[in-house]
Amino acid sequence: MRKEDYLISLIVPVYNEKETIEIFVNTVEQKLASIWQHIEIVFVDDGSKDNSAQIVEGLIAKGKPISLIKLSRNFGKEAAMSAALDLVKGDAVVPMDVDLQDPPELVLEFVRIWKDEGIDTVYGVRVDRSQDTEIKRVTSGGFYYVFNKLSNKVKIPANVGDFRLIDRKVVEAVKTLGETNRFMKGLFAWPGFSSKGVAYERPQRSAGTTKWNYWKLWNFALDGIVSFSSLPLRIWSYIGCGIGLLAIIYMIFIIVDTFMFGVDVPGYSSTMCVVLFLGAVQLISIGVLGEYLGRVSEEVKHRPVFVVSKIKGALSDKLEKGIVRTHNGLYVNDSKENDGQ
């Protein structure tokens, strides 16, 4: 059983979402009215080019239980969530999308399971992807299948996104993970602890348009696989050994054939096929090596995952004034901007 005087921190990354912010706050306040006194909303502005941050600041000025963490530029959704995790003090944390495709009313069920059953991570499972295109359904299913096959230590359930409730001890474990390339679905699963899924149907966006495209999703999937599995490197070792074995067998065949039947006129087509095939294999294997080497290069630099340029609301008191370096990021807590909050 959890304590009755608990705090749930809703982490909401935003990037050019001026149409959805006020709708989100009003909907959450309505849907979570029964536990509203236990709720704080933390918006993380990921370098928006519109007035998303100003809208959040306006809501703070109206006395809403809201805080704003503004990043100095667009670092990506994973970095935005990491910035909030470093600061929030809730007994549990719920990352949510501002477009209301993560139904706020489901948080009530998350909290019930967390409190009554003592489950440390309660995640939403999409049971209906009919609104997605066929190619998105296929590629999404393929990603979860490939990821879980390649990763022998961390498994992520299919059709599960970032929408989940995470207990404080899981949050503290995730905060210690200092990698630069952050795949949050994997990081949330890495500490272990008890978990349970809750099925739901994902609704349409409340307003605005998605900021994701297939190129971003491809790179996101690649980051996840490379971050949690070294099996692709091992696979290419096996492929190299297999091709080497075939080459030895073919070499023996050529030698025997030459002794028995003499020298044939060499064929241009077969030579080119072999050269092109082996060249393609070498380039692909070098590309796989490059993916891992590039990420190693980023990790050894130990650059901050994000830089926060402004903190507004109650969270502005969570850090000392000035520039503060945490395990994952760099915060600029300017006293002139944050005094009086």
Side-chain angles (χ1 to χ4, degrees), residues 1-3 6-13 40 42 44 69 75-97 102 106-107 109-126 143-198 220-221 223-231 295-296 298-299 302 304-306 318 325-329:
M1 296 290 291
R2 314 288 183 180
K3 65 181 183 179
Y6 61 87
L7 175 66
I8 306 294
S9 300
L10 307 183
I11 295 178
V12 189
E40 70 167 351
V42 180
V44 187
I69 300 173
F75 286 89
K77 183 181 178 181
E78 312 298 284
M81 286 193 287
S82 299
L85 288 176
D86 270 3
L87 287 187
V88 295
K89 299 300 181 183
D91 299 291
V93 172
V94 180
M96 297 182 66
D97 288 342
D102 297 334
L106 199 63
V107 175
E109 180 64 8
F110 287 176
V111 172
R112 186 195 67 78
I113 295 173
W114 171 70
K115 284 187 61 186
D116 297 344
E117 301 181 24
I119 302 296
D120 298 310
T121 299
V122 187
Y123 52 81
V125 182
R126 293 182 62 177
F143 164 73
Y144 287 109
Y145 177 81
V146 171
F147 181 94
N148 288 325
K149 284 294 184 182
L150 293 180
S151 176
N152 58 356
K153 294 182 179 179
V154 175
K155 306 295 183 182
I156 55 176
N159 297 316
V160 173
D162 297 316
F163 184 38
R164 64 189 69 204
L165 181 146
I166 315 161
D167 185 71
R168 167 53 54 184
K169 61 175 173 283
V170 181
V171 173
E172 292 299 325
V174 171
K175 285 167 61 176
T176 65
L177 306 179
E179 56 250 52
T180 301
N181 294 288
R182 303 178 71 78
F183 179 65
M184 297 307 294
K185 294 182 184 67
L187 295 185
F188 288 148
W190 182 86
F193 298 106
S194 58
S195 62
K196 183 176 181 178
V198 177
F220 180 63
D223 282 340
I225 291 172
V226 173
S227 296
F228 282 88
S229 176
S230 60
L231 189 57
R295 284 160 176 76
V296 169
E298 291 184 15
E299 296 295 340
H302 298 297
V305 177
F306 52 84
K318 302 298 182 182
R325 175 70 188 264
T326 64
H327 194 68
N328 292 313

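The first residue in the sequence is number 1, and the count goes up from there. These values consider heavy atoms only, across backbone and side chains, with no hydrogens, waters or symmetry-generated copies.
Using bins of under 30°, 30° to 60° and over 60° for the plane-to-plane angle, the ring pair F163/F110 lands in the tilted bin.
Here the closest non-hydrogen pair linking A83 and F306 is CA-CZ, 3.4 Å. The two residues P191 and L187 have their closest heavy-atom pair at CD-O, 3.0 Å. Residues P95 and D102 come closest through the heavy atom pair O-OD2, 4.4 Å.
At least one donor-acceptor pair closer than 3.5 Å links the side chain of S194 to the backbone N or O of D120. R168 places a side-chain N or O within 3.5 Å of a backbone atom of G90 that can act as its donor or acceptor partner.
The structure places NZ of K169 at 8.5 Å from OG1 of T121, a figure rounded to the nearest 0.5 Å. Rounded to the nearest 0.5 angstrom, I69 CD1 and I11 CD1 are separated by 7.5 Å. Remark: L87 CG to S82 OG distance equals 11.5 Å, nearest 0.5 Å. Atoms CD1 and OG, on I119 and S195 in that order, are 7.5 Å from each other to the nearest 0.5 Å. Taken to the nearest 0.5 Å, the CG atom of D91 stands 13.5 Å off from the CD1 atom of I166.
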Apply side-chain contact (heavy atoms from CB on, under 4.5 Å) to residues V111 and L165 and explain how you reach the verdict. CA-CA 8 Å; V111 172; L165 181 146; 3.9 Å; yes

Between V125 and V198, is a side-chain contact (heavy atoms from CB on, under 4.5 Å) present by the stated rule, with each step listed? CA-CA 6 Å; V125 182; V198 177; over 6 Å; no

For E78 and D162, run side-chain contact (heavy atoms from CB on, under 4.5 Å): C-alpha distance rounded to whole Å, both residues' side-chain angles, the deciding distance at 0.1 Å, then the answer. CA-CA 10 Å; E78 312 298 284; D162 297 316; 4.3 Å; yes

Worked verdict on E109 versus V122 for side-chain contact (heavy atoms from CB on, under 4.5 Å): CA-CA 9 Å; E109 180 64 8; V122 187; over 6 Å; no

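Taking F188 as the reference, nothing meets the ring-ring contact (aromatic ring centres under 6.0 Å, His included) condition, with sequence neighbours excluded.
Contact check on K175 versus E172 returns a salt bridge, with a Lys/Arg side-chain nitrogen under 4.0 Å from an Asp/Glu carboxylate oxygen. Using a 4.0 Å cut-off between charged nitrogen and carboxylate oxygen, K77 and D97 count as a salt-bridge pair. Between E40 and K89, none of the side-chain N atoms (NZ, or NE/NH1/NH2) sits under 4.0 Å from a carboxylate O, so this pair counts as no salt bridge.
By the 6.0 Å and 45° rule, K115 does not stack over the aromatic ring of Y6.
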